[in-house]
Structure formats: structure tokens, C-alpha cells
Amino acid sequence: MEGQSTGGGLLNDLRHRLRTATAGFLSAEWGVELDPALITWEPPPDIRFGDLSTPISLRLAKQLRRPPLEVAGALRDGLARSGLTMIGEITSTPPGFVNVRVDPAAVATALLSEIALRRQDYGIHAPSGQKVVVEHTNMNPNKAAHIGHVRNACLGDCLVRILRRSGYEVEVQNYIDDTGAQVADVVLGFHHLGAAAPPAGVRFDHYCWDLYADVHRRFEREPELKATQQEYLHLIEQGCGEVARLAKEVAQKVLAGHLRTMWGLGIHYDLLTWESDIVRKGFWRYAFEHLREQGSLVHETEGPNAGCWVVRLRDLPGFESLENPDKVLVRSNGTATYVAKDIAYQLWKFGVLGLDFDYRFYTDQPNGHGLYSSCPPEEAEQMPVGARFGRADRVVNVIDIRQKYLQDVLRHSLRQLGYARQADNSVHFSYEVVALSPKTAQELGGDVSGEAKTVYAMSGRKGIGVKADDLLAAAEAKAASEVAQRHPEMGPAEVAGLAHDIAVGAVRYYMVRFHTNTLIAFDFDDALAMQGNTGPYLQYACARARSILRRAADSVNGCPRDPGQALAWSVAKEPFGEGVELAPVEKALVMTMADFPSKIASAAVEYLPSILAEYAFTLASSFTDFYEGAPVLSAPPSEQARRIALVAAFVQVMSNVLDTLGLPSPSVL
RNA sequence: GCGCCCAUAGCUCAGCGGAACAGAGCGUCUGCCUUCUAAGCAGAGGGUCGUAGGUUCGAAUCCUACUGGGCGCGCCA
């Protein structure tokens with residue numbers, strides 16, 4: 001909304017100036033008042049037309065009752081007179097476009113100085129002073145993670161990185177439902193059905209994957225077990241006794257597996273929030289008293305909700321056609337519904353509940369950041385100075401699209417209960433699920449005998465799905481064999497390390513490159529692909545660039561070995577002076593690199609990591625074109641510093657892009 | 001029944017606040033490693049953008065209807 005031109009990057013500034021100049025001219029010349037933000041200046045389909053074009057004349061022609069081309073011509077002349085810097089030739093072309101060509105040397109000089117100055121911060125926007133809480137992963141702690149959880153965590157983590165680069169303070173929370181039916185089922189498996197402890201070498205969460213499916217098979221055969229299931233659930237909810245203790249143990253052991261899996265993918269958290277702590281602390285009871293006092297809750301005495309406390313949603317758009325649009329928060333038996341607890345929890349995230357958790361340090365993480373956790377009062381520890389969890393300006397819940405209705409209920413309930421600002425700042429980051437392609441479903445032993453379907457849903461209860469760790473292992477195995485083939489000089493440990501980085505690159509890119517609206521029909525061959533539009537292709541482009549710099553340091557007089565220093569060194573030679581003619585591939589690379597900050601901004605505003613994924617592929621392709629068309633080491637001396645500068649700048653920008661996507665950036669591939 | 005999402009090349013997907021020939025990857029075919037990493041590159045072939053209407057000088061993009069898929073609509077979580 002605001003500050004569009006601050007820290008938005010070179011190209012964005014240019015666009016901003018063009019919009020303003022265009023709007024100014026339209027107003028002065030014809031008295032047409034347009035919001036500059038609505039005047040598009042985007043690259044035309046063919047660069048022969050120019051670097052940026054606007055179709056605004058086509059839109060205005062009718063209103064002005066003049067031929068589009070004539071309007072375009074007048075705009076062209078007007079812009080030419082406005083003295084825009086970094087702009088070269090301005091043209092108008094049929095049917096009525098105005099095109100500008102930038103001054104590539106001027107852009108390159110400014111861009112490379114900025115990259116050399118800001119290094120890993122290139123693409124970071126000015127601080128907004130706002131705090132965003134992002135909740136993602138949120139797995140039931142009762143079995144191993146599957147590929148649907150991986151999509152959640154990869155999208156969530158990528159969004160976190162995008163928001164951080166957009167200038168927000170971001171706190172990452174991972175909610176652990178340790179008192180739910182799913183945990184109860186596994187506890188029942190151990191305690192009531194006498195399941196053995198996992199054999200040595202089998203991870204606890206993997207073992208529970210099968211155990212959970214076993215328990216559900218028993219439920220099918222022995223319906224009377226349902227009563228025991230309820231019994232266990234109640235014992236766990238009450239939080240005392242052997243069963244509750246076992247539940248906590250199961251949850252913690254499974255969580256340890258989940259964390260190991262996610263850390264392996266480069267995903268970390270700031271805070272774990274436990275359902276049991278929300279219950280113990282009485283978040284809902286507290287919220288209920290408060291809401292009742294201020295009269296925003298309704299106690300129904302008749303109708304289908306008689307005896308319940310509800311929030312009225314019947315007048316809201318999207319709810320009016322429902323059979324029973326109001327939402328029950330307290331059942332007629334006095335117990336709270338899930339949404340009720342969620343409302344209290346959401347209020348806590350915004351810091352307006354009036355109650356807080358107790359906290360303790362939970363564990364160190366591989367990225368060096370401590371992970372904290374809510375906890376029972378007796379375990380509470382002093383938190384580091386300045387640590388303040390929650391109190392967000394905005395809350396983003398990363399949950400798949402099947403939760404849309406509940407998230408809508410949550411947001412509208414907040415509004416109806418008097419928290420309009422919090423409702424406005426509650427975001428459901430939704431995405432389509434990961435399902436199995438018919439081929440994959442069949443390989444996993446799913447029942448594909450019935451009517452042919454396009455996709456098959458995963459089912460934890462049936463034990464049908466792809467485990468996150470199995471996908472990672474398959475990717476690592478494939479990458480390892482490629483690495484070993486290409487680098488016979490590497491030892492086994494080095495091969496394994498590199499293979500891991502590549503596998504993570506492949507999996508993470510696969511999970512974020514799709515639009516969030518796209519249902520992923522998971523296929524092993526697609527997910528493990530390492531050629532074309534894939535993570536390893538991006539990593540490869542970066543590794544190749546690093547390789548050039550290594551060789552340049554060996555063969556070019558004075559060129560430093562470190563990429564950052566090489567960039568500073570080459571930029572200091574002022575290689576883009578007056579009259580320098582850039583090759584098309586050089587110019588294209590400059591323009592693409594200049595676009596990074598605005599891509600971060602779009603991805604953040606639209607909540608679409610795929611925008612960044614697409615940009616990453618464009619940037620890598622841009623470098624590959626440069627690589628093929630503009631030799632560096634064999635370039636004439638007059639061009640060599642310039643090309644070293646471009647390569648070094650690319651290494652920096654691509655590293656930043658990969659970091660934002662959460663992909664490792666190995667120096668050799 | 002109501003609501004949301006999806007339908008674009010053989011396959012997997014971009015594009016969808018209208019506009020300059022509909023793009024990419026994979027797969028297929030033809031080439032390119034004694035010059036910076038061939039996980040690469042060049043080229044060929046492949047599409048009446050689900051169907052039918054409508055709005056517009058102009059529609060894959062906006063509107064309506066339909067068809068076919070996916071999902072959601074609890075005093076479950």
C-alpha cells in the first residue's frame with residue numbers, strides 16, 4: 001500500500017517514475033486523472049519493442065475520442081520532454097503502445113553498485129515495524145510426516161523468508177495438537193492393544209505411521225473399541241494419569257522425528273505451542289468470561305442451537321444460505337468447541353487475550369537459533385531479554401484449502417465478537433492438497449480397482465501416503481549417484497553432503513513452484529526430476545557462476561577469490577562507463593537481476609511463493625544465456641572486468657533468491 | 001441442495017486487474033563437450049486455451065449457462 005518506491009529496487013523505482021510521469025502528462029495534457037498505480041509499465045512480449053511498455057493509450061483512446069496511435073505519439077513526446085533518467089529511446093508502435101528503452105550502462109552501474117553494497121541484503125525492503133506471526137507445519141504428533149505436510153512446511157517457510165525480506169518481523173509458530181484423537185489412537189495402540197516398542201533402528205514416528213493404520217484396522221474389525229478410544233481421549237484431555245503421561249511421551253517422541261525431518265529441509269521454528277497448554281491455561285474459559293461480559297456472545301434458548309452459546313454469523317455474506325449459519329462455541333453440555341478454542345488462541349496471537357503461556361527453552365536448532373515452547377507452569381523458565389511471543393500485527397495461518405470454511409468462521413467470529421482489526425489482519429494462507437497420482441497410489445498398494453480417478457487422496461488411517469523421509473531418501477539416493485558419476489574425486493562424505501543439498505533443492509522447489517490453487521498429483525519422477533525447471537537447475541547455474549569466479553581468481557590479475565570481493569573489485573573498475581555497448585545477453589541478465597526486489601514484494605503481497613520460484617527459473621535461464629553467449633575468461637581485456645562483475649553480481653542475487661526459497665546453494669554441483 | 005477451486009501442447013504446469021504471433025519444462029526427433037561444470041545449449045515438431053453464448057475495436061484472461069473433475073458445508077477435531 002504505502003512506501004512503494006522505498007527499497008523497491010531499481011526497476012520498481014523506474015516503473016514508479018514512469019507511472020508518475022505518465023499520470024502527470026495525462027493530467028496536464030488532457031485533464032485525465034488516473035491513479036499512477038493503475039498504469040502498467042511491463043516488459044513487452046518482444047524486446048525489440050523496448051524494455052518497458054504501456055498499453056494505456058489503447059485504454060484512453062475511446063475516452064479521448066482520438067486514434068490510439070495518436071494518443072501514444074503524444075504520450076511518447078510528453079515523456080521524452082520530462083527528462084527521465086536511465087531512459088533511452090522512447091517509441092510508439094501500433095496499435096497504440098508506448099515503449100521505452102532503458103540506458104543499459106546506467107542501469108548496470110547503479111544496479112551493480114547496489115548489489116556490491118548490500119550483498120546478502122540485496123532484495124530486502126525497508127523495515128515496516130510490523131510483526132507477523134506465521135503458523136505452519138502443525139502436524140498431529142502421532143505419526144511420521146507425509147508429503148502433504150512437506151508442502152505445508154515448504155510453503156510456510158518460504159512465505160516466512162519472503163515476509164522477512166519484505167521488512168516484517170516474523171515469528172514462526174508450530175502448533176502441536178497433543179490432546180487430539182489422533183494421538184489418543186496411537187496411545188491406545190501401545191497401552192490397550194499392547195503394541196511393542198519400535199525395534200532398534202526404526203524411527204519412532206515411522207513406527208507410529210504403521211501403528212496408527214493398524215489401530216484403525218482394529219477399529220474396523222472391533223467397533224466396540226470405539227468406546228475405549230473415547231475413554232483414552234478423555235483421559236488425555238484431562239491431562240493426568242498414566243495414559244496422559246504416555247500421550248505426552250508419544251507426542252514428544254513423534255515431534256522429535258518431525259523436527260528432524262524439517263530441519264533436514266532447512267525449516268526452523270521460533271515457538272511450539274501445545275494444545276495441552278492452551279487447555280491447561282484456560283484460554284477459552286478466560287476469553288468466554290470476557291466475551292460474555294461485553295455481550296457479544298448469544299445464549300440460545302430455542303431453535304436448533306438451544307442451550308448453546310453461539311456467535312451470530314447468519315447475516316454475513318457467504319453464510320446466509322447455510323442451513324445453520326451461526327457457530328456454536330459452547331455446547332449445550334457446557335463444553336467448548338474447537339472453533340471456540342481457536343478464537344481464544346487467535347486472540348492470544350494478537351496479544352489481546354489478556355492471558356499468556358508459560359515458556360521454556362525447548363532445543364537448539366541446526367541453524368543456531370533456539371526453539372522455545374509453551375509449557376506447564378512448573379516447567380517455566382526465564383525467557384531471554386526482549387523475547388515476547390505473540391502480540392502480532394498480522395497473523396498468517398498456513399493450512400490447506402479444506403480448512404477454508406473453519407478459517408472463515410474464525411475470522412468472521414472475531415469480527416462479530418468485536419475484534420474487527422484482528423479479523424482484518426487474520427490471513428488464511430490456503431493451498432490445495434497433495435494427492436497421489438493413480439500410478440503412485442497403485443505403487444503404494446492403494447485400492448485403485450474402482451472407477452478410475454484422476455487423483456487419490458492420502459490417508460493416514462489407511463497408512464496410504466508418501467512419507468517425507470522416504471521422498472528425501474529417494475532424492476538423496478538419486479542425487480548421490482549423479483554426484484558420484486560427475487565427481488569421482490569426491491569422498492563418500494562429501495558426496496553424501498552434496499547429494500543432500502541437491503535433494504533438498506529438488507524437493508523444496510517442487511513444493512513451491514506450483515500455484516497454491518493447483519492440486520499436486522504427486523509423482524515420484526516429477527518430484528525427483530533434476531533437469532529443466534527444477535531446484536538443481538537453479539543450484540547448477542549458481543555453481544557454474546562460482547566456478548567462473550574461482551578460475552578468474554586464478555588467471556585474472558588482481559581478481560579476488562571471494563565472490564563479494566570480486567564484485568567490489570570489478571565494480572571499482574567502472575566497467576559500464578559511457579559508450580559501453582552491452583551484448584543482449586548481458587543486458588537481459590542486468591534487467592532480470594534488477595527485478596528481484598519487486599518480485600519479493602509481489603510474492604509477499606499476493607502470498608504466492610510460486611512468483612519467486614518462477615523468477616528464480618527466469619534468472620537462472622538468463623544467466624545460462626549469458627554463459628553461452630558471453631565468455632568471461634577468454635573475453636578481451638576491455639570486456640573482462642564487466643563480465644566478471646556480472647557473474648559476481650549474479651552469484652550474489654541468485655544466492656539471495658535461493659536463500660529466500662530455502663534452497664541450499666552448493667559451490668560445486 | 002448451497003458454496004469454493006480447477007479444466008491451456010502427448011505429460012506436468014505458467015499466463016487470467018483484456019491488447020502486439022498463447023509460453024516453459026518433461027517426453028519425441030536433429031545437432032553441440034580439445035574454449036568458463038553437457039544437471040547445459042541450439043533447432044524441429046506439437047495447442048480451434050473444456051463447450052456454448054455474451055460484453056469489447058480487441059477475450060485464454062471479464063460475464064452467463066452448461067459439461068467434467070477436486071474439495072467443503074456438525075453441539076467432530
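The chains referred to below are lettered A, B, ... by the order of the sequence lines, with proteins before strands, and numbering in each begins at 1.
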Enquirer: Relative to each other, are the rings of A:W309 and A:F288 parallel, tilted or perpendicular (30° and 60° limits)?
Expert: perpendicular
Enquirer: Using a strict cut-off of less than 4.0 Å between a Lys/Arg side-chain nitrogen and an Asp/Glu carboxylate oxygen, indicate whether A:K341 and A:E275 qualify as a salt bridge.
Expert: yes
Enquirer: Does the side chain of A:T518 get closer than 4.0 angstrom to OP1 or OP2 of B:rA14 through an N or O atom?
Expert: yes
Enquirer: Determine the interatomic distance between C1' on B:rG68 and the same-named atom on B:rU8; round to the nearest Å.
Expert: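 Their C1' atoms lie roughly 16 Å apart.
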Enquirer: Side chain of A:D177 only, please: which of B:rC13, B:rA77, B:rC75 is the nearest?
Expert: B:rA77
Enquirer: Does a side-chain N or O from A:R59 land closer than 4.0 Å to OP1 or OP2 of B:rG18, or not?
Expert: yes
Enquirer: Measure across A:K453 and A:P438 and return the closest heavy-atom pair with its distance rounded to 0.1 Å.
Expert: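 Where A:K453 meets A:P438 most closely, the heavy atoms are O-CG, 3.5 Å.
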Enquirer: Near A:Q442 CD, under 6.0 Å, is it more than 12 heavy atoms from other residues, nucleotides or ligands?
Expert: no
Enquirer: Tell me, yes or no, whether the heavy-atom count around A:I47 atom CD1, taken from other residues, nucleotides or ligands under 6.0 Å, exceeds 12.
Expert: no
Enquirer: Pick the P atom in B:rU64 and in B:rG69, then give their distance to the nearest Å.
Expert: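 Comparing P positions in B:rU64 and B:rG69 gives a spacing of 23 Å.
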Enquirer: Can you list the stems that RNA chain B is part of, where a stem is at least 3 pairs in a row, each Watson-Crick or G-U, with both distances below 3.5 Å?
Expert: B:1-7 with B:67-73, B:10-13 with B:23-26, B:28-32 with B:40-44, B:50-54 with B:62-66
Enquirer: What distance, rounded to whole Å, do you find between the two P atoms, one in B:rA22 and one in B:rA38?
Expert: 34 Å
Enquirer: Taking N and O atoms by type only, does the side chain of A:S610 place a donor or acceptor under 3.5 Å from a partner on the base of B:rA14?
Expert: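 Donor-acceptor pair under 3.5 Å: no.
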Enquirer: So, A:Y537 versus A:F617, ring centres under 6.0 angstrom or not?
Expert: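 Yes.
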Enquirer: Roughly how many Å apart are B:rC62 and B:rC6, using the P atom of each and rounding to a whole number?
Expert: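 Looking at atom P only, B:rC6 and B:rC62 are 10 Å apart.
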Enquirer: Which whole number of Å gives the distance between the C1' atom of B:rG18 and that of B:rC49?
Expert: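 One C1' to the other, the span is 15 Å.
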Enquirer: Which residue, A:Y627 or A:A457, contacts RNA chain B at a nucleotide closer to its 5' end, judged by nearest heavy atom?
Expert: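 The answer here is A:Y627.
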Enquirer: Under a 90° cut-off about 0 for the syn range, is B:rC33 syn or anti?
Expert: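 Glycosidic conformation of B:rC33: syn.
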Enquirer: Taking 4.0 Å as the cut-off, does a side-chain nitrogen or oxygen of A:N517 come that near to OP1 or OP2 on B:rC6?
Expert: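 For A:N517, the contact criterion (side-chain N or O under 4.0 Å from OP1 or OP2 of B:rC6) is met.
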Enquirer: For B:rC63 and B:rC71, measure between their P atoms and round to the nearest Å.
Expert: 25 Å
Enquirer: Looking only at side-chain atoms of A:T454, point me to the closest of B:rG70, B:rC75, B:rA38.
Expert: B:rG70
Enquirer: Does a distance-only test, which skips hydrogens and angles, find a donor-acceptor pair under 3.5 Å between the side chain of A:S332 and the base of B:rC75?
Expert: yes
Enquirer: State whether A:K62 places a side-chain N or O below 4.0 Å from either non-bridging phosphate oxygen (OP1 or OP2) of B:rC57.
Expert: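 Yes.
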Enquirer: For atom P, what is the distance between B:rG3 and B:rA9, given to the nearest Å?
Expert: 29 Å
Enquirer: Go nucleotide by nucleotide along RNA chain B from the 5' end; which of A:Y405 and A:V330 gets its closest nucleotide reached first?
Expert: A:Y405
Enquirer: Please determine whether a side-chain nitrogen or oxygen atom of A:Y509 lies at a distance below 4.0 Å from atom OP1 or OP2 of B:rA39.
Expert: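 For A:Y509, the contact criterion (side-chain N or O under 4.0 Å from OP1 or OP2 of B:rA39) is not met.
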Enquirer: Taking only side-chain N and O atoms of A:R331, does any of them lie within less than 4.0 angstrom of OP1 or OP2 on B:rC76?
Expert: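 True: A:R331 side-chain N/O within range (under 4.0 Å) of B:rC76 OP1/OP2.
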